[in-house]
Amino acid sequence: MLLWLSVASRCVAQTTEPTHKVPGQDIILVVMDPLSLPLSCLCVPGFGQRNYQPLADRVAAALGRRVNLVFDDGLALAAPRTGGRADIIIGKEAVVELDARTAKISVRKIAKLSGLDGSTGTRGLFVVRRDDPAKSLAGVLGRRIVIGPDEDRETSEVALATLRAVSGGKKITYRQESSIDNAAFAVADGEADVAIISDYMPALMEGCGKIDKGSLRVIGKTEPVPFIAVYVSDGITAEQEKAIRSVLADLSTSPKRRAELESKVGFIQVWPQGQSASPSDWPDFRGPRRDGLVAELPETLPAKPKILWRQGLTGAAIGGPVVSQGVLVIPDKTVDGSHDLWRAFDVQSGKSLWEFRHPAAGGLDYSNSPRATPVIQDNRVYLLGAFGNLHCVGLADGRLIWQKSYVTDLDGALPTWGFCAAPLVVGEKLIVNPGGEKASIVALNRISGEVIWSTPGHGAAYAAYVLSGSGRRRQVVGFDVLGLAGWDVQTGKRLWEARRLPSQDFNVGTPVIVGQTVIVATENNGALRYRLPPPGVREIEPVASHFELAPDSSTPLVVKNRLFCNAYGELFCLDVANGLEAVWVAEHDMFADHCNFIGSDDRVLIWTMSGDLLLLPADCDRYQVISHLRPFAGSAGDESLAPPALAGNVLFLRGQRELVALQLDH
């Protein structure tokens, strides 16, 4: 912490009056950001001078309450002026969470603040004196090392892990300082040989004359750790949280406010795992939780399609649309097949917003169009082409932020039918499957694109990954070319795999997590249910099966212990709670090929490859159709492999040459 800069400037910057005040106590906003102006200094132009007053003003107006804006290095230090309360807290994640636990304040994280480079992390820097002979971390092992306080993880816990990784098992000896700046002073004054300080510190210390310019030299860096985040306490209601989130989003769209916050993209919203930002969002493959489930479906479909708008497309109907913050993004291909093309449209009007193109010529079966559904997280969109070209672009404007090639950058191997799996977002990680011998599954930092971990293994399958568990038990579940497996989210370690089955599969349908089990359905081995294993168990076997349900590429849907899926002209309804026994099976040509499924507690919506849209009851003991539509009937080509997106009461469907917004009845 910048104690040497901030002790004299602890303050309540201002009490902000709302335009329309409503009854209730004031909102207390505590800022513990070391780069905020009252906690930093004016020494470096444009750095360490973050202005949080506009945020306080906007929150006061949005909530109709006075906002007391308090700056301090910790909640305990601020307590004399806050009465021990804190409704909104902005600061280093580890510091806020430690202080909140100590003060017994329950908090939840709602956003992160990006820095000038667009990232939301900070690193620890290993610094030595300018004339020190050490050229790398190996050169300081066994010498006098000082680290920072526990709450500044990049200078303590993560720094020590970095040293241990290069120590060859040797014991690391060090001493710990009470503040980061004291660690820097120890090296500058010759009392220590190496210190670990936060990456934002050198510019401020040199700018304010605390150390001589160039007196310290960086010889190593840690992995990034989370930096500044926004938290709300339990005293903030769900409605108030929604209003605060709206304020953060509005501030992030203003170049002026971003500049005042020294932020490239502003606040990046954080949501509980699997929760969408809005009921009108469909930001991922099969929806926000990758399970195809929504809160409700209509009782019937309209007698005739109610088309709100339509837009022409030029590529094959494979990759599906996603929707977030009023923007729809869909993969496409240029007419000549030379470039991958992603299009963005305004959800309400269908107006074209932006296009993103990337050269991607070459031949593949089923066209060379992108197969993977895009993924939207916060203000970013992750786009994947069939040849493994991965792009991160801005949701608002399609501006390229970073890009990687699965093959050339991540040592991947192109599968026979191209890369198909939508990347999986887990916190700050973007988990992808290049399928290389040395990089079968890889976690990227989704903000910067840097590799976090890379796990060797087998070739890539075609199914998307899903997330299972919570906390330290979280794991990625999915297929590689040899079969089903699970990987640790934090390290990428392969935890377990399913026993090799008699017949090899293409592994196209995505696994479905049901409680502590996972269900898969594949062409050669049928539908299988596995129990997720406890720690230490390396191989699992099926606990239930239904071999007749053997889809070529469809992913099952599970609604209240009923499983729905199709295979080769039959639609199956299986009882999950009763060993995957058939409840009913219906035959029809509509179910001959690929189908996509969306479900609520009482309805199932089916979009078939033949262009048929069906609504069924979820709990019926026989095949029964409530409604049947053909939205593209009469148009040029109605076949579609593309999964739909349901945002509010609008269903977005892709035909061979057209995208339509179909309004459903409430």
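In this chain, numbering begins with 1 at the start of the sequence shown.
- For OH of Tyr174, the number of neighbouring non-hydrogen atoms (other residues, nucleotides, ligands) closer than 6.0 Å is 12 at most.
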For Leu467 and Ile431: C-alpha separation, side-chain torsions, deciding distance, then whether side-chain contact (heavy atoms from CB on, under 4.5 Å) applies.
CA-CA 10 Å; Leu467 185 66; Ile431 297 176; over 6 Å; no

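- For the residue pair Gln475 / Trp496, a side-chain donor-acceptor distance below 3.5 Å is found, with atom types taken as modelled.
- Residues Tyr382 and Ile376 form no side-chain contact, since every pair of their non-hydrogen atoms from C-beta on lies 4.5 Å or further apart.
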I would like to know whether Asp480 and Arg494 meet salt bridge (charged side-chain N to carboxylate O under 4.0 Å, His left out); could you show each step before the answer?
CA-CA 11 Å; Asp480 57 25; Arg494 191 181 181 96; 3.0 Å; yes

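- A distance-only check finds a donor-acceptor pair linking the side chain of Ser252 to the backbone of Phe267 [under 3.5 Å].
- With rounding to the nearest 0.5 Å, the separation of CD in Glu241 from CG in Leu248 is 10.0 Å.
- Residues Leu141 and Lys170 are not in side-chain contact: their nearest non-hydrogen atoms beyond the backbone lie 4.5 Å or more apart.
- If you take NZ on Lys112 and CZ on Phe227, they are separated by 12.5 Å, rounding to the nearest 0.5 Å.
- Remark: Arg81 engages Asp72 in a salt bridge, criterion side-chain N to carboxylate O under 4.0 Å.
- Between Leu395 and Gln325 the shortest side-chain heavy-atom distance falls below 4.5 Å.
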Does Trp342 form a ring pair (Phe, Tyr, Trp, His ring centres under 6.0 Å) with His358? I'd like the steps, not just the answer.
CA-CA 9 Å; Trp342 286 270; His358 185 81; 8.0 Å; no

When you look at Leu39 and Asp73, which way does the side-chain contact (heavy atoms from CB on, under 4.5 Å) test go after all the steps?
CA-CA 8 Å; Leu39 300 181; Asp73 295 308; 4.1 Å; yes

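- A side-chain donor-acceptor contact under 3.5 Å links Asp99 to the backbone of Leu75.
- Residues Ile196 and Leu125 are not in side-chain contact: their nearest non-hydrogen atoms beyond the backbone lie 4.5 Å or more apart.
- When only modelled atom types and interatomic distance are considered, Glu154 and Ser198 share a side-chain donor-acceptor pair under 3.5 Å.
- Note that OG1 of Thr455 is 12.0 Å distant from CG of Asn433, once rounded to the nearest 0.5 Å.
- Contact annotation: the side chain of Pro283 never approaches that of Gln377 to less than 4.5 Å [non-hydrogen atoms, C-beta and beyond].
- Side-chain atoms of Arg380 come within 3.5 Å of backbone atoms of Ile447 as a donor-acceptor pair (strictly under, hydrogens ignored).
- Between Arg144 and Glu191 there is no salt bridge, since none of the side-chain N atoms of the basic residue sits less than 4.0 Å from a carboxylate O of the acidic one.
- Side-chain atoms of Ile513 and Val477, non-hydrogen and from C-beta on, do get closer than 4.5 Å to each other.
- Looking only at atom types and distance, the side chain of Asp234 has a donor-acceptor partner in the side chain of Ser106 under 3.5 Å away.
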CA sep, side-chain torsions, deciding dist, call: Asp117, Lys264, salt bridge (charged side-chain N to carboxylate O under 4.0 Å, His left out)
CA-CA 6 Å; Asp117 62 352; Lys264 186 174 183 178; over 6 Å; no

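- Within a 6.0 Å radius of CD in Gln403, other residues, nucleotides and ligands contribute more than 12 heavy atoms.
- Taking the side chain as every heavy atom from C-beta outward, Val140 and Val128 approach each other to under 4.5 Å.
- Residue pairs meeting the side-chain hydrogen bond (donor to acceptor under 3.5 Å, both in side chains) criterion with at least one partner in residues 215-228, sequence neighbours excluded, do not occur; the list is empty.
- Side-chain contact between Asp132 and Arg143 is present, with at least one heavy-atom pair separated by less than 4.5 Å.
- Ring geometry for Tyr406 versus Phe419: interplanar angle over 60°, hence perpendicular rather than tilted (30 to 60°).
- Of the possible donor and acceptor atoms, none in the side chain of Ser114 sits under 3.5 Å from a partner among the backbone N and O of Ser263.
- Between Leu204 and Gly48, the shortest heavy-atom distance links the atoms CD2-CA, 4.3 Å.
- Side chains of Glu428 and Thr120: a donor on one and an acceptor on the other come within 3.5 Å.
- Closest of all the heavy-atom pairs between Pro370 and Leu384 is CB-O, 3.7 Å.
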Under the side-chain hydrogen bond (donor to acceptor under 3.5 Å, both in side chains) rule, what do Ser156 and Asp150 come out as? Steps first, then yes or no, please.
CA-CA 6 Å; Ser156 53; Asp150 289 341; 4.7 Å; no

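- Taking both residues in full, the closest heavy atoms of Leu42 and Gln49 are given as CD2-OE1, 3.7 Å, listed atom of the first, atom of the second, then distance.
- The closest side-chain donor-acceptor pair between Thr491 and Asp488 falls under 3.5 angstrom.
- Between Lys92 and Asp152 there is a salt bridge, with a side-chain nitrogen of the basic residue lying less than 4.0 Å from a carboxylate oxygen of the acidic one.
- Nearest heavy-atom pair, Ile180 versus Pro149, reported as atom, atom and distance to 0.1 Å: N-CD, 4.0 Å.
- Salt bridge present: Lys109 and Glu93 bring a charged side-chain N and a carboxylate O closer than 4.0 Å.
- Within 6.0 Å of CG in Asp212 there are 12 or fewer heavy atoms belonging to other residues, nucleotides or ligands.
- Looking only at distances, no side-chain donor or acceptor of Arg50 sits under 3.5 Å from a matching main-chain atom of Ser36.
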Under the criterion salt bridge (charged side-chain N to carboxylate O under 4.0 Å, His left out), I'd like the reasoning laid out for Asp87 against Arg85: C-alpha separation, chi angles, the key distance, then a yes or no.
CA-CA 7 Å; Asp87 299 304; Arg85 281 182 50 227; 2.5 Å; yes

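- The line from CG of Leu37 to CD of Glu262 is 9.0 Å long, rounded to the nearest 0.5 Å.
- Not a single donor-acceptor pair under 3.5 Å links the side chain of Arg123 to the backbone N or O of Tyr200.
- Remark: Glu177 engages Arg175 in a salt bridge, criterion side-chain N to carboxylate O under 4.0 Å.
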Walk me through whether Thr173 and Ile145 qualify under side-chain contact (heavy atoms from CB on, under 4.5 Å).
CA-CA 7 Å; Thr173 58; Ile145 299 173; over 6 Å; no

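- Side-chain contact, Glu97 with Tyr231: a donor N or O sits under 3.5 Å from an acceptor N or O.
- Considering CG of Asn389 and OG of Ser405, their distance stands at 5.5 Å, rounded to 0.5 Å.
- Ring-centre distance between Tyr465 and Phe479: not below the 6.0 Å cut-off.
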Does the side-chain contact (heavy atoms from CB on, under 4.5 Å) test come out yes or no for Trp402 and Leu390, once each step is laid out?
CA-CA 9 Å; Trp402 57 261; Leu390 175 66; 4.0 Å; yes

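- When all heavy atoms of Val375 and Asp284 are compared, the pair lying nearest together is CG2-OD1, 3.4 Å.
- Nearest heavy-atom pair across Arg164 and Ser167 is O-OG, 3.0 Å.
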